[in-house]
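Scope of the values below: all heavy atoms of this structure, side chains included, with no hydrogens, waters or symmetry mates. Here is the naming used below: chain letters follow the sequence lines, and residue numbers restart at 1 for every chain.
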Amino acid sequence: MGLNVSEIKKDFPVLGQTVHDGRRIVYLDSANTSQKPQSVIDAMGRYYETINANVHRGTYKIAEEATNAMEGARGRVATFLGANSSRELVFTKNATESINLVANTWGRSNLNEGDAVVLTMMEHHATIVPWHMVAAEKGIELRWIPLTADGQLDLTDIDRLVDGAKLVSFTAMSNVLGTINPVERLTEIARSAGAMSLVDGSQHVPHLATNVAELGADFFVFTGHKMLGPTGIGGLWAQEETLDAMPPFLGGGEMILNVTTEGFTTTEIPWKFEAGTPPIAEIVGLGAAVDYLTAVGMDEIRQHEVELTGYALRTLHDRFGDDLTIHGPAEPASRGGVMSIQFKDIHPHDLTQIMDQNGVCLRAGHHCAKPLMKALGANATARASLYLYNDEADIDALGDALEASGEFFDF
Amino acid sequence: MGLEDLYREIILDHYRSPRNRGELPPPAHRVEGFNPLCGDEVVLTIEVDDEGMVKDLKIGGQGCSISQSSASMMTAAIKGKSAAEAREFIEAFKTMMSIHSKELGDDEHGELDQIDPDLDLGDLEALKGVVQYPVRIKCATLGWNTLTQALDELSA
């Protein structure tokens, strides 16, 4: 059973909008941020309209309901991720904050001069820069897993790379190449080498059924806005004993058990890492997002995206031949619906500018992965990325927009 | 507001056939400029003589049609001018970019002669359509910011 995409599209108000004198929006930038279904928008509005109050403090009715709405959402998101308990799920602003949390707490208290952290050449800056910052302070060594020609991790030298390492940090799915990495194998390699593992699930959680217990990572991070949820909410998953052993991150209200003029003690996890009033409406919205994804079915979404990616790779190559390069694995089953493209010699900024005139929304740039761009020999690419609300007509519109760009810059 | 306002023929001409392209050998002063949004990089090499005259300058690196054509037109406008005149050009060009960015939504391009009546930006006026596309302003100013940095370093 395929997805009923024409019905799904109706759930997303932005997709019903038009731009540039009546052109429908062809949204192909979900790896950047996804559109939001009406149910998510309504859940957040309803929270503000009916039970808005601060959480974990008030003794009155709506404060209790706000707390229940937030903690209920935590439970549903934890279940969606395959966590054993909602205590394993810390809410953060986004995946970037989650990684910074790990770097600043576990990293700064466990890493010392000469220790190694292993990253890959396909990482987002969010996985790179926090460790550069720790390196500047602690003198740790960063090692890099290289890539094969078709954009997969080259693990031929992995034993030497992880030897003596304290952490292996990598993306579950590349935001540029679409490559789906062998997460379970890599977390096992890390464990065997005595290293912790940190998995960036930002591109994985929205598109593939995710079970953190099976993936075997020590830390797993994700962001809400790429999975139909609002901006400003994401999370960090780790086992309870891991979180318990970590020092706190931000200090303030909510994260304490007691404060005196001499010092403070922290409260229990996960709130120990959630200083200050949390983004309650966003957490409620994220809960509604996982409800929506669960109702559609993650396996169905994945199947749809494999088919649509296959359609895109096939038809675009047929139409444009050697004029078009699509980076990453050739086989749709080994990749997500993220396609970084280079077309003729047209600069990605110029390409996406012409596409915008056709209502087609693509991201141009380095996609916050400059080391990968350098490895690809490009400063920038244009990137089309798919989700459950895209269909073959959207891919055809992408092809038409490419054709229009080719004609405009035909010189 | 159509694409032809952004991609004027003179812009595409400079993109197709960039002027003063490449790098001057040392001891020419060399500065790299980055557009953090898109990853574009330009390399500007410049020779200023003892009288403060820009004897020669070249632009290398990669970029989109807007950044490359703007940099190309910039080299054509600046070459042979004094460093002080170059700075006036920079000011006039950046004013053209920012004044219009404050009037977003206004389809009128405004009057350039409000900025500096004595300075003729020549071909560069073709770039004023860029301000209707705010995200591309950084493309248009990449070469100019790099030139500013080079002049600052040379006068330091």
Looking at every non-hydrogen atom in both residues, tell me the closest pair between [X] and [Y] and how far apart they are.
X	Y	result
A:H347	B:G63	CD2-C, 3.2 Å
B:R136	A:D350	NH2-OD1, 2.9 Å
B:L12	A:F409	CD2-CE2, 3.8 Å
A:N379	B:D40	ND2-CA, 3.8 Å

Side chain, backbone, both or neither of A:L351 within contact of chain B (heavy atoms, under 4.5 Å): neither
Distance-only criterion, 3.5 Å: show the donor-acceptor pairs between side-chain atoms of residues 96-104 of chain A and protein atoms not counting sequence neighbours.
residue, atom, partner, partner atom, Å
A:E97, OE2, A:K93, N, 3.0
A:S98, OG, A:T92, OG1, 2.8
A:S98, OG, A:N94, O, 3.1
A:S98, OG, A:G235, O, 2.8
A:N100, ND2, A:T96, O, 2.8
A:N104, OD1, A:R108, NH1, 3.0
A:N104, ND2, A:N100, O, 2.8

Separation between OG of B:S65 and CD1 of A:I346, rounded to the nearest 0.5 Å: 10.0 Å
NE2-NZ distance between A:H349 and B:K138, expressed to the nearest 0.5 angstrom: 11.0 Å
More than 12 heavy atoms from other groups under 6.0 Å of CE on B:M53: yes
